[in-house]
Every structure is written in C-alpha cells, then in structure tokens.
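A quick write-up on the structure given underneath.
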Amino acid sequence: PSHIYKEMWKTITSGGIWSGEILNKDKQGRMFWVNLSIAPILDQDGKVTHFVGVQEDITEAKKIREIVQEAQQRLEQITDNVPGVVYQGTVDPEGGFVFNFVSKGVEKLLGFSPKVAIERPKRLFAGILAEDRRRMWDVIRKAREDKVSWSMEFRFKRPDGQLRWIQAKSSPQNRESDQIIWNGVW
C-alpha cells in the first residue's frame with residue numbers, strides 16, 4: 001500500500017533506517033514477499049546521497065506461517081468443542097511440566113485460562129492437592145522412564161475454592177532430541 005512507501009521514503013530521506021515486509025513483483029510479474037531493510041548513505045555534511053538496501057525473499061516462510069496459523073485455528077476450533085482439557089506439553093530439565101497447547105476447556109474445568117496454564121504451569125499444578133500431586137509426579141516420572149502412557153485420577157482445588165476430581169490420561173510421542181511430547185486430556 002502507498003502509506004507504507006510514504007513512511008519508508010519519509011524515514012530514509014530523513015536519515016533513518018527503514019525495515020519491513022513488503023509484497024514485491026519480479027520481472028516476470030510474479031508476486032513475492034520480502035523482508036527489506038533500507039539505509040541512507042550520508043555525505044560528510046550529513047545529507048543523504050544514496051541508499052543501500054538488503055532484501056530477503058520470505059515468501060515460503062510466510063506460506064509456512066499461514067499453514068501453521070490455519071492448523072492452530074483448526075485445532076482450537078476442534079478442541080473448543082471437546083469436554084474437559086486437551087493439552088500437549090513436555091517435561092523440562094528441572095522436572096516441571098511445560099505446556100505447548102492447552103484447550104479452552106481448562107477455564108471451565110479448572111478455572112484457569114489457557115494463557116495462564118501455558119505461561120505459569122506451576123500455578124496450575126499447585127491446584128492439585130499435595131498428596132495427589134506427589135503421586136502424579138511419580139506416575140509421570142515412571143511413564144517417562146518407560147516411555148509409556150499414563151492415567152490417573154486426582155483432586156484439584158480451583159481458584160474459586162471448588163474441589164473437583166479429575167481423570168487425566170497422557171501418551172508419549174518420542175522426539176529425536178530424546179525429549180518426549182505428552183499429548184493428553186483431563
């Protein structure tokens with residue numbers, strides 16, 4: 001759009017560096033995306049004499065990002081209609097659980113938003129009653145060692161004080177890095 005080019009020219013003609021993504025056209029008329037950086041070259045008096053630019057074709061990267069975003073949206077649309085919580089995560093080097101994905105069902109079941117579950121998993125796990133939490137970590141640790149699925153029931157105290165019994169199941173997916181991805185439901 002023209003406002004991008006106006007902003008770019010205003011920036012570089014005033015001595016600033018402009019960077020951004022733009023849709024470009026090659027000599028054959030094909031459209032492609034570039035990440036572009038343009039910097040002015042100044043003379044000894046500080047006047048712009050010419051410009052130097054670097055561009056990188058990011059068309060494929062943008063296509064891949066779009067595919068990933070569409071897949072994420074489909075996953076969320078599907079899991080939003082599944083009762084309970086659908087999740088994916090890993091066990092970090094310190095032994096804590098890190099969520100890669102948590103469905104919106106976590107709000108209704110446990111009283112936490114998916115964002116809180118992902119960004120602050122310790123806060124979520126703190127809701128599991130202490131004796132059940134110890135048992136859960138033992139079950140997860142054993143399943144991790146044996147690379148097998150696990151299943152258990154535990155008590156969870158929601159932020160509103162309500163106590164719930166939760167049934168959890170998770171299956172391992174091995175990665176080349178020796179890291180296990182856990183896909184599961186609560």
Side-chain angles (χ1 to χ4, degrees), residues 1-82 85-126 159 170 172-185:
S2 63
H3 73 278
I4 291 175
Y5 289 101
K6 286 179 186 175
E7 176 195 331
M8 176 179 58
W9 279 109
K10 181 180 176 186
T11 301
I12 62 177
T13 56
S14 65
I17 298 172
W18 184 90
S19 293
E21 293 180 1
I22 61 169
L23 187 59
N24 219 339
K25 188 187 286 190
D26 68 14
K27 292 177 184 178
Q28 289 77 33
R30 290 183 298 232
M31 303 302 284
F32 65 102
W33 283 96
V34 294
N35 187 0
L36 178 64
S37 291
I38 302 174
I41 304 297
L42 309 174
D43 66 14
Q44 59 197 19
D45 298 324
K47 292 184 182 179
V48 176
T49 60
H50 52 286
F51 306 96
V52 65
V54 177
Q55 72 178 16
E56 175 186 11
D57 187 336
I58 58 168
T59 305
E60 287 304 311
K62 281 188 79 73
K63 284 179 187 175
I64 291 168
R65 274 197 308 256
E66 283 179 24
I67 290 168
V68 168
Q69 284 178 330
E70 288 170 6
Q72 180 78 19
Q73 288 172 345
R74 278 194 306 276
L75 177 63
E76 288 174 4
Q77 289 168 350
I78 292 166
T79 60
D80 286 352
N81 292 296
V82 174
V85 180
V86 177
Y87 70 88
Q88 183 182 74
T90 59
V91 177
D92 67 25
E94 291 84 41
F97 202 84
V98 178
F99 291 105
N100 304 327
F101 175 84
V102 178
S103 68
K104 286 185 182 174
V106 72
E107 292 178 47
K108 186 174 181 181
L109 185 65
L110 305 179
F112 289 93
S113 70
K115 181 177 179 171
V116 168
I118 290 169
E119 293 177 358
R120 299 175 66 195
K122 287 182 181 179
R123 185 169 169 203
L124 181 85
F125 282 104
S170 192
Q173 177 184 348
N174 295 322
R175 294 288 180 158
E176 289 178 18
S177 66
D178 204 31
Q179 182 182 48
I180 299 173
I181 303 287
W182 293 94
N183 300 298
V185 293

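Heavy-atom basis, side chains included; hydrogens, waters and symmetry copies ignored. Here the structure is a predicted model, which is why all the values come from computation and not from measurement.
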Please find the pair of heavy atoms, one from [X] and one from [Y], that lie closest to each other, and give the distance.
X      : Y      : value
Gly16  : Pro40  : O-CD, 3.0 Å
Trp18  : Met8   : CD1-CA, 3.5 Å
Thr13  : Val48  : O-CG2, 3.7 Å
Leu124 : Ala117 : CD2-CB, 4.4 Å

- Task: Answer yes or no: is there a side-chain heavy-atom contact under 4.5 Å between Thr90 and Val98?
- Result: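 Yes, side chains in contact.
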
- Please answer whether the main-chain N or O of Ile41 pairs with a side-chain N or O of Thr49 as donor and acceptor at a distance below 3.5 Å. yes

- Check: Asp57 side chain, Thr59 main-chain N or O, donor-acceptor pair, under 3.5 Å: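 Flag set: sc Asp57 to bb Thr59 pair under 3.5 Å.
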
- Item | side chain to side chain contact (heavy atoms under 4.5 Å, CB included) between Thr11 and Ile17, intermediate numbers included | CA-CA 7 Å; Thr11 301; Ile17 298 172; 5.9 Å; no

Can you tell me if [X] has over 12 outside heavy atoms packed within less than 6.0 Å of its [atom1]?
X      : atom1 : answer
Leu23  : CG    : yes
Lys104 : NZ    : no
Gln28  : CD    : yes

- Query: Going through the distances and angles, do Asn24 and Gln55 end up as a side chain to side chain contact (heavy atoms under 4.5 Å, CB included)?
  - Reply: CA-CA 10 Å; Asn24 219 339; Gln55 72 178 16; 3.6 Å; yes

- Message: Students often mix this up, so state it plainly: with edges at 30° and 60°, are the rings of Phe125 and Phe97 parallel, tilted or perpendicular?
- Response: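 Plane angle over 60°, so perpendicular.
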
- Task: Applying side chain to side chain contact (heavy atoms under 4.5 Å, CB included), run through Val102 and Val85 and close with a yes or a no.
- Result: CA-CA 7 Å; Val102 178; Val85 180; 3.9 Å; yes

Side-chain donor-acceptor distances from residues 65-77 under 3.5 Å, at least two apart:
{"unit_1": "Gln72", "atom_1": "NE2", "unit_2": "Glu76", "atom_2": "OE2", "d": "3.0"}

- Query: Does a side-chain N-to-carboxylate-O contact under 4.0 Å join Lys47 and Asp43?
  - Reply: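 Looking at Lys47 and Asp43, the cut-off is not met.
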
- Mind running side chain to side chain contact (heavy atoms under 4.5 Å, CB included) on Trp182 and Val91 for me, showing each step along the way? CA-CA 8 Å; Trp182 293 94; Val91 177; 4.0 Å; yes

